[in-house]
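Keep in mind that the numbers below use all heavy atoms, side chains included, and drop hydrogens, waters and symmetry copies. Each chain gets a letter, A, B and so on, in the order the sequences are listed, and its residues count up from 1.
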2 protein chains.
Amino acid sequence: MSKIGDNFNKKRKIMKKILDIISQAPLFNGLSQEQLGQIRQIAIDKFYDKGKTVFMESDDCNGFYIVVAGKVKIYKVSFEGKEHILHIYGPGNPFGEVPVFSGRKFPANAETLLRSHLLFIPRPAFVDLISENPSLSLNMLAVLSMRLRQFTVQIENLSLKEVPARLASYLVYLADEQATGDFVFLTISKGQLASLLGTIPETLSRILAKMNKQNLIQVEGRNIKLLNRNGLEELAQHGKLQ
Amino acid sequence: MSKIGDNFNKKRKIMKKILDIISQAPLFNGLSQEQLGQIRQIAIDKFYDKGKTVFMESDDCNGFYIVVAGKVKIYKVSFEGKEHILHIYGPGNPFGEVPVFSGRKFPANAETLLRSHLLFIPRPAFVDLISENPSLSLNMLAVLSMRLRQFTVQIENLSLKEVPARLASYLVYLADEQATGDFVFLTISKGQLASLLGTIPETLSRILAKMNKQNLIQVEGRNIKLLNRNGLEELAQHGKLQ
DNA sequence: ACCTATTTTTGACATAAGTCAAGGCAGTGC
DNA sequence: GCACTGCCTTGACTTATGTCAAAAATAGGT
C-alpha cells in the first residue's frame, strides 16, 4: 500500500470519528446536519501528548474545548501545591465552556491524562452561532444545568459526608454508569481517585482495605467488585464505616 | 386618606418594584421593554412568610423562581438531619433554574429566611420564550456559568482548605461585595454562616475568637471589621491559623 | 422592663483524616 | 536476571474538627 493511500484512509477515519463525536455529544443533540456542519467549520483540531497542559487557571478564555479522543482532567492547585481534581472528561464531553459565557478567565487548570485529540471552539464564532440557533442554546443550557447538578452533589458529598460515604457513593455511581453489573473498573489511578474524592491516597487506601475486610467490596488492582450494594448505599447515606 | 387610595398606592409601588427587580436582574439584562413585559406576563406572584418551604428536594419542577423581596436559602439535609446551606439568595436572584433545563427534579430544598415575595416562572412558557429570544438565552447561559464558577470556588474551598481559610476567603469576598471598606455586616446568623462554610457554629465561634486574638478582625455581633486584610488574604491561601 | 426562646460561646472529650516515613509490588527497559 | 520508577500500602503520630453539655449573651414579644 502506498503511504498516500494510508494517509487518506486515516484522514477519512478521523473525519468520521469527529462527526460521530459531535453529533453524539449532548451539547449538539438533535441539531440538523447543516448546523453540525457549521460547528465543524468553526472548530479547530488540537492534538496533545499525555500530561500536557491545555490551559491554566486565570488564562484568558478565547473559546472552549470538546474531547474527541483521550482524557482530560480539570483541577485546582492549593498554595502548598496540593492538587484537587474537579472533573475528568472523556470523548464527547465539552469543557471550559463556563468562561465563554461568564466572560472571565479560566477558573481551573486542564491537563491531558492521555494522548488526546480536542476540538477548540473559538468564542466569537460560537457566540454568533448560538445567537442564531435557539435549539443549540437550549442544549447548552441543559448541559450547564447538568453540570450544576453534579456540582451540587459533589458539594453535598464534600461537606456533609465523610470519606467512606463519598467513596461508597462514587462506587455505586460508577457501577450504574458502566452498567457492568457489580463489577467496576477504575479508569483513573487510585491517587487521582483520592483527589477526586477530596482526600489523599493513604486515606483512600485504608478505607478500601476496611471495606474489603467488611465484605462490602473486593479489590483487585483497578477492578473492584461490589459484594454488598445495599450496604454501600446505606454507607453513602449514613456515613459511618463500622 | 381612604383605604382604597392606600391600597391603590401600595399596588403601584409593588408593580414598580417588580419591574425594577426584573430589569436589574442579570438574567434579564439588556432586554427590551417588550421582552420584559412578556416575562412579567408569564410570571406568577407568590408570597411566603418567614421559614416557609418553597420547594423540597426531589419535588417535580414546573418552573423556577426569582426573588423580588426577602431572602431564600437553598440547602441539603443529610440522613442524620445535618443541614448544609448551598446558597442564600436575595432580591434579583433567580433560583431553581437548573431543573428547568436539565429536565429533572429539584436537587435541593428552598426555604424563606424572611417574609418573601417571589416570582414564579412556569417552565413551558419560559422555554417557549427562550427559544424565541436569543439574547435571553445568552443571559441565561451567563447566569448559569457564573453559578458554575461560584461552585468551583466553593468546591475548591471545601476540599483543599481548612475552615479558617474558608472563613477568611468569605470575609474578604463579603467586604468586596458590600464595598464598605473594611467593615463587613453579616446578613445571616453565625449558625447559617457556619453551615455555608461547611462547618458547625462551635467551630466557627472558636475560629472567630482566634482571629480576634491575632488582630486579624474585630467582631461585634454581626459587625466585623477587617483589621489586616493582607493577613486574611494570606490565610485564605495558605490555610494555617497560627 | 420582663420573660422566653434563640443564638452564641466555652469547655472537655472523641475521632476522622492528614503528615511523615518506610516498605512492598508491578511494570519497563537494559 | 536486575535495577529503576511509579504506584500503592502500612504504621506511628499529630491535628483539625466534630460531639456533647452547659453557661452566657442576645433578640423578640407582651
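- Ring geometry, A:Tyr65 versus A:Phe120: the interplanar angle falls from 30° to 60°, so the pair is classed tilted.
- If you measure from atom NE2 of B:His84 to atom P of D:dT17, you get 14 Å, rounded to the nearest angstrom.
- A sub-4.0 Å separation between OP1 or OP2 of C:dA17 and a side-chain N or O of A:Thr203 is absent.
- One atom, CG of A:Leu208, and another, C1' of D:dC8, lie 10 Å apart when rounded to the nearest Å.
- Protein atom CD1 of A:Ile207 is 12 Å distant from nucleotide atom P of D:dT9, rounded to whole Å.
- Electrostatic pairing of B:Glu234 and B:Arg229 does not count as a salt bridge here, judged by no charged N lying under 4.0 Å from a carboxylate O.
- With hydrogens and angles left out, the side chain of A:Gln192 and the base of D:dC7 share no donor-acceptor pair within 3.5 Å.
- Taking atom CZ on A:Arg206 and atom C1' on D:dC8, their separation rounds to 12 Å, with Å as the unit.
- Taking 4.0 Å as the cut-off between side-chain N and carboxylate O, A:Arg147 and A:Glu97 count as a salt-bridged pair.
- One finds no side-chain N or O of B:Lys190 lying less than 4.0 angstrom from the OP1 or OP2 phosphate oxygen of D:dT26.
- Remark: B:Thr199 is in phosphate contact with D:dG18, judged by side-chain N or O atoms under 4.0 Å from OP1 or OP2.
- With rounding to whole Å, A:Ile200 atom CD1 is found 11 Å from C:dA17 atom P.
- The distance between atom CD of B:Glu202 and atom C1' of D:dA22, rounded to the nearest whole Å, is 12 Å.
- For the pair A:Lys210 NZ and D:dT10 P, the computed distance is 13 Å after rounding to whole Å.
- Close to D:dG18, at under 4.0 Å from its OP1 or OP2, lies no side-chain N or O of B:Lys82.
- Residues B:His84 and A:Ser159 have side chains that bring a donor and an acceptor to within less than 3.5 angstrom of each other.
- Atom pair B:Leu158:CG and D:dA16:C1' shows a separation of 15 Å (rounding to whole Å applied).
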